[in-house]
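The structure under discussion appears below in the form of structure tokens.
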Amino acid sequence: LKVPRDSVEVAVRDTGFLRRVGAPRGTRTLEGYLFPDTYDFPEGATARQAVELMVKRFEYVWKPEWTTRAAELKLSRHQVVTLASIVEKEVRKGFERPTVSAVYHNRLKIGQALQADPTVQYALGRRRPGRVLYRDLRVDSPYNTYRRTGLPPGPIASPGAASLEAALYPADVTFRYFVAHPDGHHEFRNTYAEHLKAIEFVRSVARRDSLERRRQSAQARVDSALSAVPPL
């Protein structure tokens, strides 16, 4: 839309919009409530008009029964959106959303830290996901779910309908740990001891896959070189 960045910053901090979505006092931006979708904006649309349309889309997508379900879970809508945003950033394979959500629900029930890498990335101000290092876990932020228990103060991304639904309807499983394979799918486990074994398993699979890719690459170079040799 070629609108100034400053006007976008003002629009996403509009107190009227924040009250409209029911964000708790102290919430500074509409993070999480700008529904991710495809939009058609008229030429000359302002930042405020664009933000208002995205908020309206969020309100349209949010189902009345979700409010009832949130109450059953003893969660506010803001907390549901916050949890859904973590699921959104954590999951690369859509079918795993309810299971990842269940892990976080299970941790919340017993007061175990969520230890969600995407919240640390958000605390660090990273625009793109990246590997979280041990030194990153020292960041002093309410969004550092390694150092603080419970949900962070607010969403860290804009969750879609699938993540919102997963946050409200987690899978019926007892998992409390998961570790990701390089392709994004996860190994889920119940205990920390099992989790450590799963980490080693994932690493061994990654090493094996890496060696196989190197072998295939070397073989491809050999085949290419042989094909360039003229026949006798």
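Taking both residues in full, the closest heavy atoms of V139 and N144 are given as O-ND2, 2.8 Å, listed atom of the first, atom of the second, then distance. P98 and A166 make their closest contact through N-CB, 3.9 Å (heavy atoms, listed as atom of the first residue, atom of the second, distance). A pairwise comparison of heavy atoms in S101 and A167 identifies OG-CA, 3.4 Å as the closest pair. L1 approaches A50 most closely through the heavy-atom pair CD1-CB, 3.9 Å. Closest of all the heavy-atom pairs between G111 and T149 is O-CG2, 3.6 Å. Minimum interatomic distance between T174 and N106 (heavy atoms only, all atoms of both residues): C-ND2, 3.4 Å.
With contacts defined as side-chain heavy-atom distances shorter than 4.5 Å, the pair Q121/I156 does not qualify. Counting heavy atoms from C-beta outward, H105 and L73 have side chains that approach closer than 4.5 Å. Side-chain contact between T67 and P64: absent, with no pair of heavy atoms (C-beta onward) separated by less than 4.5 Å. Side-chain atoms of S85 and P159, non-hydrogen and from C-beta on, do get closer than 4.5 Å to each other. Here the side chains of T119 and S141 are not in contact, with every heavy-atom distance at 4.5 Å or above.
Under the 3.5 Å distance criterion, the side-chain polar atoms of D14 are left unmatched by any main-chain donor or acceptor of A11. Looking at T82, its side chain does come within 3.5 Å of a backbone N or O of H78 through a donor-acceptor pair. A donor-acceptor pair under 3.5 Å is absent between the side-chain atoms of R147 and the main chain of L137, judged by distance alone. In this structure, the side chain of S158 does not engage the main chain of P36 through any donor-acceptor pair within 3.5 Å. Remark: the backbone N or O of G160 is not paired with any side-chain donor or acceptor of S163 at under 3.5 angstrom. For the pair T145 (side chain) and A116 (backbone), a donor-acceptor distance under 3.5 Å is present.
Here the CZ atom belonging to F175 is positioned 13.0 Å from the NE2 atom belonging to H186, to the nearest 0.5 angstrom. Separation of atoms CD (E187) and CD (E200) is listed at 12.5 Å; rounding is to 0.5 Å. Rounding to the nearest 0.5 Å gives a distance of 9.0 Å between CG of D136 and CG of D117. With rounding to the nearest 0.5 Å, the separation of CZ in F58 from CZ in F17 is 14.0 Å. The structure places CD of Q49 at 8.0 Å from CD of E52, a figure rounded to the nearest 0.5 Å. Taking NE2 of H185 as the reference point, atom CZ of R92 lies at 11.0 Å (rounded to 0.5 Å).
A continuous path of Ile, Leu, Val, Met, Phe, Trp and Tyr side chains, each step under 4.5 Å between heavy atoms, connects V51 with V61, placing both in one hydrophobic cluster. Linking ILVMFWY side-chain heavy atoms closer than 4.5 Å, directly or via other members, places Y104 and Y146 in two distinct hydrophobic clusters. One hydrophobic cluster, built from ILVMFWY side chains closer than 4.5 Å, cannot hold both V173 and L168; they sit in different ones. One hydrophobic cluster, built from ILVMFWY side chains closer than 4.5 Å, cannot hold both L114 and L75; they sit in different ones. Cluster annotation: V3 is connected to L30 through the hydrophobic network of ILVMFWY side chains, with a link wherever side-chain heavy atoms come within less than 4.5 Å.
Applying the side chain to side chain donor-acceptor pair (under 3.5 Å) test between R176 and each of Q112, E194, H195 identifies Q112 as the sole match.
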Hey, mind stepping through F178 and T99 against side chain to side chain contact (heavy atoms under 4.5 Å, CB included) and telling me if it holds?
CA-CA 10 Å; F178 60 80; T99 309; over 6 Å; no
Verify side chain to side chain contact (heavy atoms under 4.5 Å, CB included) between E165 and V80, making sure each step is shown before the conclusion.
CA-CA 9 Å; E165 191 153 19; V80 171; over 6 Å; no
Working for side chain to side chain contact (heavy atoms under 4.5 Å, CB included), residues L164 and W66:
CA-CA 9 Å; L164 288 166; W66 287 359; 3.9 Å; yes
Where do R20 and K56 land on the side chain to side chain contact (heavy atoms under 4.5 Å, CB included) test, with the steps shown first?
CA-CA 10 Å; R20 179 168 164 175; K56 283 183 176 178; 3.0 Å; yes
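Using a 4.0 Å cut-off between charged side-chain N and carboxylate O, D140 and R148 make a salt bridge. The residues E72 and R69 are annotated as salt-bridged, a charged nitrogen and a carboxylate oxygen being separated by less than 4.0 angstrom.
There is no side-chain donor-acceptor pair under 3.5 Å between D183 and H181.
Cation-pi geometry between R107 and Y177 is satisfied (NZ or CZ under 6.0 Å from the ring centre, within 45° of the ring normal).
Open room surrounds OH on Y192; 12 or fewer heavy atoms of other groups in view lie less than 6.0 Å from it.
A search for ring-ring contact (aromatic ring centres under 6.0 Å, His included) contacts involving F41 returns Y39, not counting sequence neighbours.
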